[in-house]
*Asks:* 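I'd like to ask some things about the structure below.
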Amino acid sequence: MIMARPKPIEEIIDEIKDFNKVLIAGCDGCVTVCEAGGIKEVQVLASALRLYFGKERKKLEIDETSLTRQCDKDYLHELLDKIDDYDAVVSLACGAGVQFMAEMYRKKPIFPGVDTCFIGVTEERGVWAERCQACGQCILASTGGICPITRCSKRMMNGPCGGSEKGKCEVSPDTDCGWHLIYERLKELGQLDFFAEPTDPKDWASSRDGGPRKIVREDVRQ
Amino acid sequence: MRLRYPSNIKIIKVPCTGRVAIIHMLKALEEGADGVMVAGCLEGDCHYQSGNLRAKKRVIYVQETLEKIGMESERVAMYNLSAGDGPRFAEIAREMTEKVQELGPSPIKKGKKKTSKKSKVEVAA
């Protein structure tokens, strides 16, 4: 899922300091799982902001809410009746949620409360790691279920490169070499013949090269 | 034992300091407490294995947040003591109260009509 981290509170204070009434809106989706933008984080941020503005003797009313998903119009509609009560909204959803809210409520300033980072997994509580770059053409079937686009720092299709040492990437001793992982996994699966022939260059047309992407599926479209 | 400790302390009992969330400490400050003291079991002695260690991390988080918003981080503190050590509880209660009194009233409540001369400390124990 999409991973994010909370923005520094100083940045959020700076965004909203000139308003009188602000809504902090969380998202019950991905950002709740990575503990950056769910209802708990909304409550903590709102409380800290009230402390700050209380200390500064600035009358700024701060309310809290959280929507099931901010990347879905049906749930964003839940704010329709009350959004006009606020001068601005701080959305703790991912970048997609923030933008979708801004699209729906065009006259309302919508500020991001988190920095959206990547599509990843929860390795353990408090440790989230990138696993997918949404390149649009999945090659995991041939690479032992390990993505070279994500796990190799150079996104190489034929690795490892000369920077791989003892299973680690030259970028950082804390970073596994993606191609070392692929080699070890294919060895376990008895599929090392994958390395006998070079892999063709990747078709990046399905990635970001064509600008913002869109999926239109007539079979499910209404 | 009839031990004396400052009467301006309001005790909030929880089963384990692991139950004390970040929002509880922030809310206490928001509602006008001058300080918040979390009193947990000795490290390594938690009846629920690691509740006091979780609380410790949360207290540090709140202290860091207070610093970021320009408030004294000393208004929130974590103490570790045995559940049977009454004299030590009275001692840390006095210590925390003195520390908070030195800091003065919470900057949050200066604008309110009623301001107690005594400092108010909330304890989660």
*Asks:* Looking at chain A, which one of L29(B), I69(B), I23(B) has the largest number of heavy-atom pairs inside 4.5 Å, strictly under?
*Replies:*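 Ranked by heavy-atom pairs under 4.5 Å with chain A, first place is I69(B).
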*Asks:* Could you check E78(A), H77(A), K73(A) and say which one makes a side chain to side chain contact (heavy atoms under 4.5 Å, CB included) with Y75(A)?
*Replies:*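 When E78(A), H77(A), K73(A) are each tested with Y75(A), the side chain to side chain contact (heavy atoms under 4.5 Å, CB included) holds only for E78(A).
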*Asks:* Check whether any side-chain heavy atom of R5(A) lies under 4.5 Å from a side-chain heavy atom of C117(A), and answer yes or no.
*Replies:*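 When only atoms from C-beta onward are counted, C117(A) and R5(A) do touch, with a gap below 4.5 Å.
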*Asks:* Heavy-atom distance under 4.5 Å between the side chains of N8(B) and D34(B), does that happen here?
*Replies:*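 Not touching, per the 4.5 Å side-chain cut-off.
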*Asks:* Within the 4.5 Å heavy-atom criterion, are F53(A) and I13(A) side-chain neighbours or not?
*Replies:*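 Yes, close enough: below the 4.5 Å cut-off.
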*Asks:* When you compare the side chain of P8(A) with that of K68(B), does any pair of heavy atoms fall below 4.5 Å?
*Replies:*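 No; the side chains remain at least 4.5 Å from each other.
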*Asks:* For S47(A) and E30(B), does a side-chain donor sit closer than 3.5 Å to a side-chain acceptor?
*Replies:*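 Looking only at side-chain atoms, E30(B) and S47(A) do form a donor-acceptor pair, the distance falling under 3.5 Å.
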*Asks:* Does a side-chain heavy-atom distance below 4.5 Å link T65(A) with K82(A)?
*Replies:*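 Touching, per the 4.5 Å side-chain cut-off.
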*Asks:* With a 4.5 angstrom heavy-atom cut-off, could you sort out which part of L51(A) is near chain B: side chain, backbone, both or neither?
*Replies:*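 L51(A) touches chain B through backbone and side-chain heavy atoms alike.
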*Asks:* Hey, which residues of residues 23-44 of chain A are touching chain B, say heavy atoms under 4.5 Å apart?
*Replies:*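 Residues of residues 23-44 of chain A touching chain B at under 4.5 Å: Q43(A), V44(A).
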